[in-house]
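The residues of the chain are indexed from 1 along the displayed sequence.
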Amino acid sequence: MKKRYIFLILIVIIIFLIFNYKKIINGNNIISKNEEDIIESILSENVKYKSEVKVTVYSNKNQNEYKLKQEESENFSYQEVISKGNLEGLITEINNKKIIIRNSRLNLEKIYENYEEVTNNYLFLRAFGEDYNNSEDVKKYEEEDNIVVSVKIKNSNKYIKYKELYIDKNTGIPKKLIVKNSDKQIVVCIEYTNIEIM
């Protein structure tokens with residue numbers, strides 16, 4: 001009789017451990033899946049957003065800061081320089097493979113068609129998404145409260161070789177995008193001061 005009770009208790013304990021073990025594993029997968037979902041939604045080629053960004057461009061001798069408005073949807077990208085200075089009012093619109101560069105202050109406009117070098121603007125999230133999807137060298141890791149996605153760009157020039165996107169782990173919203181040269185020195189830092197993912 002005692003052997004039956006001991007045997008039943010062992011079976012109950014084993015069943016209990018099996019179910020709890022599965023819950024623990026599923027819990028870890030849910031966290032990883034949520035992080036993957038965050039990354040995939042930002043890096044999809046259909047990302048739609050409106051943002052205000054602070055762009056810092058580094059050169060050998062100095063650095064320049066610009067404030068921009070950006071908007072992207074399926075086949076449309078819009079960017080306007082809103083910071084004071086010579087570039088204020090400069091608007092770039094990309095619609096499919098057609099790019100329009102306009103300066104509202106000087107009443108100037110230039111249109112380019114089917115010119116890949118100009119239409120691939122690395123300041124946009126969609127360009128990062130394309131690099132992410134085409135790269136064979138992608139790393140994902142956590143740094144403080146961020147998920148960092150690092151990409152080595154295929155077939156690029158030495159000035160734009162690496163990109164790192166920092167995504168807030170709690171909100172899933174991009175915080176900054178860093179572009180590095182072949183020596184892994186920062187060339188451009190894009191900080192998303194206000195962004196709305198649609």
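With hydrogens and angles disregarded, no donor-acceptor distance shorter than 3.5 Å links the side chain of Ser83 to the backbone of Tyr66. Listed for the Asn181 side chain is a donor-acceptor partner under 3.5 Å among the backbone atoms of Asp183. A donor-acceptor pair under 3.5 Å is formed between the side chain of Gln70 and the backbone N or O of Leu123. At least one donor-acceptor pair under 3.5 Å links the side chain of Arg126 to the backbone N or O of Ser73. At least one donor-acceptor pair closer than 3.5 Å links the side chain of Tyr49 to the backbone N or O of Leu125.
Ile153 CD1 to Asp131 CG: the interatomic distance, rounded to the nearest 0.5 Å, is 4.5 Å. From Thr92, atom OG1 reaches atom CD1 of Ile101 across 5.0 Å, with rounding to the nearest 0.5 Å. The CG atom of Asn64 sits 9.0 Å away from atom CG of Leu87, with the distance rounded to the nearest 0.5 Å. How far CD1 of Ile167 is from CG of Asp145: 13.5 Å, rounded to the nearest 0.5 Å. With rounding to the nearest 0.5 angstrom, the OH atom of Tyr58 is 8.0 Å from the CD1 atom of Ile178. One distance of note links CG of Asn194 with CD of Glu191; it measures 13.5 Å at 0.5 Å rounding.
Taking a cutoff of 4.0 Å between a charged side-chain nitrogen and a carboxylate oxygen, Arg102 and Glu109 qualify as a salt bridge. Between Lys50 and Glu196 no salt bridge is recorded (no basic side-chain N to carboxylate O distance below 4.0 Å).
Contact annotation: the side chain of Glu65 approaches that of Lys54 to within less than 4.5 Å [non-hydrogen atoms, C-beta and beyond]. Residues Lys163 and Val179 meet the side-chain proximity criterion, which asks for heavy atoms closer than 4.5 Å.
When the shell of 6.0 Å around OH of Tyr159 is examined, it contains 12 or fewer heavy atoms from other residues, nucleotides or ligands. Within 6.0 Å of CG in Asp137 there are more than 12 heavy atoms belonging to other residues, nucleotides or ligands. Counted within 6.0 Å of CD on Glu143, heavy atoms from surrounding residues, nucleotides or ligands total more than 12; the atom is thus considered enclosed. Dense packing is recorded around NZ of Lys175, with more than 12 heavy atoms of other residues, nucleotides or ligands lying under 6.0 Å away.
For the residue pair Phe124 and Glu71, the shortest heavy atom distance occurs at CE2-O, 4.4 Å.
Under the 4.5 Å side-chain heavy-atom criterion for grouping Ile, Leu, Val, Met, Phe, Trp and Tyr, Tyr132 is connected to Leu165 within one hydrophobic cluster. In the hydrophobic clustering of ILVMFWY residues, with side-chain heavy atoms under 4.5 Å counting as a link, Leu90 and Val57 come out together. By the criterion of side-chain heavy atoms lying less than 4.5 angstrom apart, applied directly or through intervening Ile, Leu, Val, Met, Phe, Trp or Tyr residues, Ile197 is grouped together with Phe128 in one hydrophobic cluster. Hydrophobic clustering (ILVMFWY, side-chain heavy atoms < 4.5 Å, transitive): Ile91 and Phe76 are in one cluster. In the hydrophobic clustering of ILVMFWY residues, with side-chain heavy atoms under 4.5 Å counting as a link, Leu177 and Val53 come out together.
For the residue pair Tyr78/Glu80, the side-chain donor-acceptor check at 3.5 Å is satisfied.
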Can you check side-chain contact (heavy atoms from CB on, under 4.5 Å) on Lys161 and Lys180, steps first, answer last? CA-CA 6 Å; Lys161 192 68 178 172; Lys180 296 181 177 179; over 6 Å; no
